[in-house]
Amino acid sequence: MAVEYMINQRRYYPLIFHFGVGIGMKKTSLRNRLIRVFILTSMLPIVILGVFSYMSISATLSRNAEMMSKSSLKQLDNNLNISLDAYEDVLYQLYTDDNMVKWVFEIDEGTNEAVAVNQMRRFMSSLLYTKDYIRAVSVITPGGEFVTYEQMTPATYKSSWMDNFSKTEDELYMDISRDNGVHVYPTEFGTNFAKKDYYLFHIAHRIIDYKSLAKDCGVVIISVDEDFLKDICLSSSDDTGIFNFLVDDKGQIVTFGDEAGVIGTPVTDVSGSDEKRLSDYELFLHKNYPQLAKEAAVFLMHDDELSWDVVNVTSLSELTRLQRRQLFLIAVVGVLAMVVVVLMSTGLSANLVKSVNYVTGRMKQARNGDLSVRAEKDKAMPAEIETIADAFNDMMKKLNVALTNQQEAQIAALEAQINPHFLYNTLDTINWMAIDKDEYDISNAISALANILRYAIVNSNGEVTIRDEMEWLRKYIYLQQYRVKNSFSYNAFVEPDAQNAIVHKLLLQPFIENAIKHGFTPEQENAELKVYVSCNDRSLEIVIEDNGKGMDPEIIEKINRRDFETLKGNTNIGISNVVTRLEMYYGKDGKMRAVPDMDKGSRIVIDIPLKKKTD
């Protein structure tokens, strides 16, 4: 008997002490949890502050970098226009000089031609050396004579760059002489002299005779070394992390640092938007100069006067370095704060953890079968732990009494207990097996079955709203339709005022099952099941109707006079228990009747007192 008593005790303890804070299971200790809470509560503000600080400083640095780059672009554009103006002044001296007009016509008319050419070249020479980057000064006369003075060839009678120019001499002459504007021609390969390639851009104007402005007096062209543009770009980049280049109105590169080989390379369509052109420049850099484009931002300014794009490439490596340094400082502060919090939380929680460990130790003893164990209190024990200790001691005292008086009853209850969750979990497992095999109809049916069982098992005699009952009924009918391969349709209508009416669970299910099983025949077409719910001030009316084969008049008569004794053995009718439930729940106010003389099918009407759910 003593052995049997110990066995019974050990069966009982796991249930009583199941709350026992997971003793014996590998879980996080209270001290570790407290430390984590302290770390979380202290680190969260630091992390938030650090993130916002990092984002704010990063945004500020990015804005500053953008402002500096745009300022550099503006400065470069100003320097370019000012420098070009200086060269245009030289051009102005050439095309407005009266002697130029005289020499041009002397050359074309053949009078004193050699003297005129010599005087013209001497005048060109005097102006060529006034600017560092002028490599040639050329004149094309209306008669097609080409007079030039250059640094790039020892010849005195032939242009070194004209043969390599993109336009013919006649095309160039026509283009320049058509108006009174300054023409700027982007950089092209000019010539090779003394083992050096010269890339030139040209500025030109028609020669003007102020005595006769419309008179065609020829054109003058100044050829400027591309180094002029390169040096302007470099002079505006006082930082090694900044690189500038120029693109002409045809989308071709005009100057690109020391990379003369890419001059003339088409990069973008200048008719596109700023965003599109900027994207093209970034793509070009990433494709051809990945090292330059690495960790760099590209900015763009359009010069309306030249119709050129001025492009700035700014390295963000310094910005990235500062951001990483800031992130490192935030991480260091966070680690230091974490160490301090761990030390403080360990010290503060020591007494609490000690008391908790003492109480949980007593619980372990109780769990192992020592029902005489008690938790002794001391002055160092926190008040909350004292409360737990008192509750534990009181529970142990009551447990001894409960074990003595109810042990056999508890054992019987344990043996008879059925855990509905096993069934739900099993159905859920089958459901996922069906989903894994793409059997979604089976999955839907299993899900509906699980919901139906849960609804029916939990508080099976409870009250629910008509809305909930009809929703459960819809899932039940879905299963029935699935079982009989959708051989019937289902329609339900609930008046809005009846939605919150209260009924007992599963009140309608037997009638629905009876209609499906006994009302419809396999060969019937267009089988239909209908449910109507309405209410008035005092009662709730539920009508269940089908268009099946109907009920015998004798059965209808017995139902209406409540003669269920003779129906109990009849498998076609299974509603006597429902009528009994109606009487139990509602007494004489719960009524059910079958409507006689139906042309087709059957109709059951249920009347019960109206009771509505109140919030």
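Side chains included, hydrogens not; waters and symmetry mates left out as well; all remaining heavy atoms used.
Between Y133 and Y87, the ring center distance fails the sub-6.0 Å criterion. Ring centers of Y185 and H202: at least 6.0 Å apart, outside the cut-off. The distance between the ring centers of W308 and H302 does not fall below 6.0 angstrom.
Under a cut-off of 6.0 angstrom, the local environment of CZ in F328 is sparse, with at most 12 non-hydrogen atoms contributed by other residues, nucleotides or ligands. Other residues, nucleotides and ligands place more than 12 heavy atoms under 6.0 Å from the NZ atom of K102. Within a 6.0 Å sphere centred on NZ of K196, heavy atoms belonging to other residues, nucleotides or ligands number more than 12. Other residues, nucleotides and ligands place more than 12 heavy atoms under 6.0 Å from the CZ atom of R178.
Remark: the backbone N or O of F201 is not paired with any side-chain donor or acceptor of E226 at under 3.5 angstrom. In this structure a side-chain-to-backbone donor-acceptor pair under 3.5 Å is present from T360 to N357. For S212 (side chain) and D209 (main-chain N/O), no donor-acceptor pair under 3.5 Å exists by modelled atom type. A distance-only check finds a donor-acceptor pair linking the side chain of N288 to the backbone of F284 [under 3.5 Å]. Not a single donor-acceptor pair under 3.5 Å links the side chain of N112 to the backbone N or O of A116. A donor-acceptor pair is defined here as one N or O able to donate and one able to accept, closer than 3.5 Å; such a pair exists between the side chain of N78 and the backbone of K74. The closest donor-acceptor contact from the side chain of T148 to the backbone of S138 lies at 3.5 Å or more, if one exists at all. Using modelled atom types, no side-chain atom of R206 and backbone atom of C217 make a donor-acceptor pair closer than 3.5 Å. Here the side chain of R277 pairs a donor or acceptor atom with the backbone of G272 at under 3.5 angstrom. Between the side chain of D309 and the backbone N or O of V311 there is no donor-acceptor pair closer than 3.5 Å.
In this structure, L278 and E282 have side chains that are in contact, with non-hydrogen atoms separated by less than 4.5 Å. Side-chain contact between W472 and I477 is absent, with no heavy-atom pair separated by less than 4.5 Å. By the 4.5 Å heavy-atom criterion applied to side chains, F256 and C233 are not counted as neighbours.
In this structure, the separation between OH on Y281 and NE2 on H286 is 15.0 Å, given to the nearest 0.5 Å. Summarising the geometry, atom CZ belonging to F299 is positioned 7.0 Å from atom CG belonging to N312; distances are rounded to the nearest 0.5 Å. The structure places CG of L127 at 5.0 Å from CG of L94, a figure rounded to the nearest 0.5 Å. Considering CD1 of I222 and OH of Y92, their distance stands at 14.0 Å, rounded to 0.5 Å.
In summary, the side chains of Y95 and N180 do not present any donor paired with an acceptor at a separation below 3.5 Å, with no hydrogens or angles considered. For the 3.5 Å distance criterion, the side chains of S160 and E150 qualify, holding a donor opposite an acceptor. Side-chain contact check for T141 and D108: at least one donor-acceptor pair (N or O, by modelled atom type) lies under 3.5 Å. Defined by atom type and a distance below 3.5 Å, a donor-acceptor pair is missing between the side-chain atoms of T168 and D170.
Screening L336, L329, V335 against V332 for a side-chain contact (heavy atoms from CB on, under 4.5 Å) leaves a single residue, L336.
Residue E188 comes nearest to S166 through the heavy atom pair OE2-OG, 2.6 Å, listed as atom of the first residue, atom of the second, then distance. Of all heavy-atom pairs spanning G261 and T265, the tightest one is O-OG1, 4.4 Å. Of all non-hydrogen atoms in K230 and D258, the two that sit nearest each other are NZ-OD1, 3.3 Å. When all heavy atoms of H205 and L91 are compared, the pair lying nearest together is CB-CD2, 3.9 Å.
With sequence neighbours excluded, the residues forming a side chain to side chain contact (heavy atoms under 4.5 Å, CB included) with A296 are V313, listed by chain and number. Scored by the side chain to side chain contact (heavy atoms under 4.5 Å, CB included) test, D97 finds N99, M100, F123 as partners (sequence neighbours excluded).
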Next on the checklist: Evaluate K276 against D280 for salt bridge (Lys or Arg N to Asp or Glu O under 4.0 Å), listing each step before the verdict.
Outcome noted: CA-CA 6 Å; K276 178 62 171 62; D280 290 340; 3.0 Å; yes
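Remark: K294 fails to qualify as a cation-pi partner of Y289 under the 6.0 Å distance and 45° angle criteria applied to the six-membered ring.
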